[in-house]
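Reviewing the structure listed below.
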Amino acid sequence: PLTDERVPVYVANFVLMGYGTGAVMAVPAHDQRDFEFAKKYGLPVKPVINPEGEVLQAEQMEEAYTDAGIMTGSAEFDGLKNTDAKAAIVKLLSEKKAGEEAVNYKLRDWGISRQRYWGCPIPVIYCEECGTQPVPDSDLPVLLPEDVKFAGATLSPLESSESFVTAVCPKCGKDGKRETDTMDTFVDSSWYFLRYVSPKNTDLPFDSEEVSRWLPVDQYIGGVEHAVMHLLYARFFTKALRDMGLLSVDEPFKNLLTQGMVCKETERCATHGYLLPEEVVDGKCKTCGATVEVGSVEKMSKSKKNVIDPDAIIERYGADTTRLFSLFAAPPEKDLDWSVEGVEGSFRFLSRVWRLVTENSTLLDGVTPYSSSDGPLDKFPALKKVHQTTHKTIKKVTHDIEERFHFNTAISAVMELVNALYLFVQDKSIDTDDPITRKVFKESVLSVVQLISPFAPHMAEELWSGLSGSGVPLYKTSWPTFDEAALVVEEVTIVVQINGKVRAKLSVAAGATEEAVTEAAFADVKVAEWVEGKTIRKKIYVPNKILNLVVG
């Protein structure tokens with residue numbers, strides 16, 4: 001509606017029919033499912049949001065970029081944060097009478113009644129004369145009976161308890177019948193966090209003062225299947241209790257991390273149905289020898305038998321490998337596809353870390369790690385580079401764990417540091433006997449062990465005991481901190497974009513002014529080719545990162 005561009009329409013079987021109208025806008029660069037569809041069928045992938053300070057190249061993208069960032073390829077909205085651009089785009093659509101802001105509600109009634117024993121009894125008594133009557137406050141709570149028969153129950157098991165079912169009508173005093181359905185257990189989980197802050201209060205379900213002090217919860221981590229049930233109900237309860245004057249908080253949780261599911265392909269025998277992994281040998285059913293049909297990748301479930309026994313993985317590869325793979329295979333909010341190759345890859349990486357320490361013991365023993373008091377590294381470019389890489393890694397891993405919860409990218413950063421350290425010790429031009437070299441190497445190796453410890457705690461603790469020489473276990477040491485001075489670079493690479501496409505990359509002094517970078521860009525023959533004889537309509541400069549030119 002804003003560009004008048006014609007866009008193709010694709011019919012695809014991965015669109016969620018229950019979402020919206022079943023017709024959806026596709027943004028392959030910024031939605032993983034759209035990205036995979038576009039890659040499979042060779043459709044164009046056009047980034048319109050860049051990470052701050054970076055430029056996405058469609059041909060280099062291995063997955064969709066789904067975080068916040070800076071608008072690009074979006075005409076007059078280029079350079080805006082995408083969160084700000086939303087409001088600006090809606091405003092422009094409204095001005096052009098092409099659209100308007102609206103809120104859609106998809107709420108439905110919540111059926112809380114369950115034919116189960118385990119749940120809160122519904123405090124209602126039925127009387128033939130008075131109809132439905134609430135249990136008086138004085139008779140609350142209604143307790144579950146213990147004389148219940150579960151075998152063969154077709155209705156609620158509570159129906160089998162005569163002592164529970166028989167009740168007196170609170171209005172007329174005649175015989176009545178107690179409600180035998182119980183409430184959905186989500187009713188309990190919708191406010192349990194309030195009880196957690198005052199669990200020993202015997203007079204009230206929760207103490208309002210304690211709740212006001214502790215809530216809202218800073219970080220909530222839950223499964224994806226709870227996102228539209230338990231968490232939504234928790235908000236309802238909190239707001240209802242607030243409106244009743246029992247709470248002063250508006251929201252129960254500040255931040256939410258929704259975990260994805262663990263998935264694996266199914267394996268099925270025509271005779272024996274779904275098979276466990278250990279029931280398949282060389283692609284054949286272990287029982288009858290028939291060829292096994294490999295099905296789609298689905299969330300692990302007992303019914304489909306596509307489950308992995310962690311004990312078997314731990315026995316073969318160790319607990320650290322099992323843990324590392326689970327955290328490395330996918331961001332926590334994405335589904336994790338279980339892969340034997342991935343487990344073996346994680347094992348190989350941990351083996352490399354082990355060898356890095358044990359095979360270089362002569363360089364590491366009896367050496368204290370490098371610190372600024374040992375003097376600057378300006379005269380030792382190779383040492384300065386590995387020192388800088390170490391502190392960049394500490395900063396990234398810290399950020400990815402504490403703020404983003406992206407353990408996979410944190411582990412990936414440690415892998416890159418390990419690769420750099422292998423190249424460092426294999427570089428024949430570096431004097432590994434020099435004391436300052438050994439100090440820098442020791443600092444980096446200690447950092448690797450510390451950074452990998454949340455993911456592989458057993459191996460890290462073992463390596464630390466022989467490395468540190470302090471006698472203090474790793475789990476009692478402080479998390480490593482990065483030195484901002486070590487992160488300062490003297491030269492940076494500036495990406496020059498012209499009309500949304502990369503045309504050149506320039507090496508300039510770090511902190512160079514926009515004028516200096518523009519002058520250097522126009523002096524570049526590749527840039528000159530694209531701007532000669534044209535008008536510079538717009539220029540956006542992200543210091544030390546990007547020069548974006550719109551010409552016409």
Exercise. Dump the intermediate steps for side-chain hydrogen bond (donor to acceptor under 3.5 Å, both in side chains) on Ser156 and Thr180, then the final yes or no.
Key: CA-CA 6 Å; Ser156 169; Thr180 55; 4.6 Å; no

Practice problem: Decide if atom CD of Glu278 counts as having more than 12 heavy atoms of other residues, nucleotides or ligands within a radius under 6.0 Å. | Solution: yes

Exercise. Examine distances only and state if a side-chain atom of Glu461 and a backbone atom of His458 form a donor-acceptor pair shorter than 3.5 Å.
Key: no

Quiz item: Less than 4.5 Å apart, any side-chain heavy atom of Val55 and any of Gln497?
Solution: yes

Quiz item: Do the ring planes of Tyr192 and Tyr196 sit parallel (below 30°), tilted (30 to 60°) or perpendicular (above 60°)?
Solution: perpendicular

Quiz prompt | Main-chain N/O of Val27 paired to Asp34 side chain as donor or acceptor, under 3.5 Å | solution = yes

Quiz item: Is there a donor-acceptor pair closer than 3.5 Å between any side-chain N or O of Ser346 and the backbone N or O of Gly342?
Solution: yes

Quiz prompt | Heavy atoms from other residues, nucleotides or ligands near NZ of Lys39 exceed 12 (cutoff 6.0 Å) | solution = yes

Self-check item: Between Phe407 and Phe328, ring centroids under 6.0 Å
Solution: no

Quiz item: Within the distance-only criterion (no hydrogens, no angle test), does the side chain of Asn255 pair as donor or acceptor with the backbone N or O of Asp218 below 3.5 angstrom?
Solution: yes

Self-check item: Among Phe347, Trp338, Phe455, ring-ring contact (aromatic ring centres under 6.0 Å, His included) partner for Phe325
Solution: Trp338

Self-check item: Parallel, tilted or perpendicular: rings of Phe441 and Phe424 (30°, 60°)
Solution: parallel

Quiz item: Side chains of Lys305 and Thr266: is there a donor and an acceptor less than 3.5 Å apart?
Solution: no

Self-check item: Side-chain donor or acceptor of Arg323 paired with backbone N/O of Pro454 under 3.5 Å
Solution: yes

Quiz item: Distance from Met183 atom CE to Ser190 atom OG, nearest 0.5 Å?
Solution: 11.5 Å

Self-check item: Crowding at NZ, Lys46 (>12 non-hydrogen neighbours, <6.0 Å)
Solution: no

Quiz item: Less than 4.5 Å apart, any side-chain heavy atom of Thr393 and any of Ser447?
Solution: no

Quiz item: Can a donor-acceptor pair be found between the side chains of His406 and Asp400 at a distance below 3.5 Å?
Solution: no

Quiz item: Taking the side chain as C-beta and beyond, is there a heavy-atom pair between Leu364 and Leu467 under 4.5 Å?
Solution: yes

Quiz prompt | Glu402 CD: over 12 foreign heavy atoms closer than 6.0 Å | solution = no

Self-check item: Glu146 atom CD, neighbour heavy-atom count above 12 within 6.0 Å
Solution: no

Self-check item: Side chains of Leu158 and Gln115 in contact at under 4.5 Å (non-hydrogen atoms)
Solution: no

Quiz item: Counting only heavy atoms not in Glu315, do more than 12 fall under 6.0 Å of its CD?
Solution: no

Exercise. Could you verify whether a donor N or O on one side chain and an acceptor N or O on the other, from Trp479 and Thr398, lie under 3.5 Å apart?
Key: yes

Practice problem: Please determine if Asp67 and Arg404 form a salt bridge, counting it only when a charged side-chain N lies under 4.0 Å from a carboxylate O. | Solution: yes

Exercise. Please indicate whether Asp282 has more than 12 foreign heavy atoms, meaning atoms of other residues, nucleotides or ligands, lying under 6.0 Å from its CG.
Key: no

Quiz item: Can we say Glu298 and Lys304 salt-bridge, meaning some charged N sits less than 4.0 Å from an Asp/Glu carboxylate O?
Solution: yes

Quiz item: For the side chain of Thr437 and the backbone of Asp433, is there at least one donor-acceptor N/O pair under 3.5 Å apart?
Solution: no

Self-check item: Partner of His230 under ring-ring contact (aromatic ring centres under 6.0 Å, His included), chosen from Phe237, Phe236, Tyr220
Solution: Tyr220

Exercise. For the residue pair Thr390 and Leu417, establish whether any side-chain heavy-atom pair is separated by less than 4.5 Å.
Key: yes

Exercise. Decide if the gap between the ring center of Trp191 and the ring center of Tyr233 is smaller than 6.0 angstrom.
Key: no

Quiz item: Do Asn82 side-chain atoms and Gly69 backbone N/O form a donor-acceptor pair below 3.5 Å?
Solution: yes

Exercise. Flag yes if more than 12 heavy atoms outside Arg235 fall under 6.0 Å of its CZ atom; otherwise flag no.
Key: no

Quiz prompt | Any donor-acceptor pair under 3.5 Å from Asp320 side chain to Met459 backbone | solution = yes

Quiz item: Any side-chain donor paired with an acceptor under 3.5 Å for Arg355 and Asn360?
Solution: no

Practice problem: Examine distances only and state if a side-chain atom of His30 and a backbone atom of Val48 form a donor-acceptor pair shorter than 3.5 Å. | Solution: yes

Quiz item: Is Lys442 reaching over with its side chain to a backbone N or O of Val367, donor-acceptor style, under 3.5 angstrom?
Solution: yes

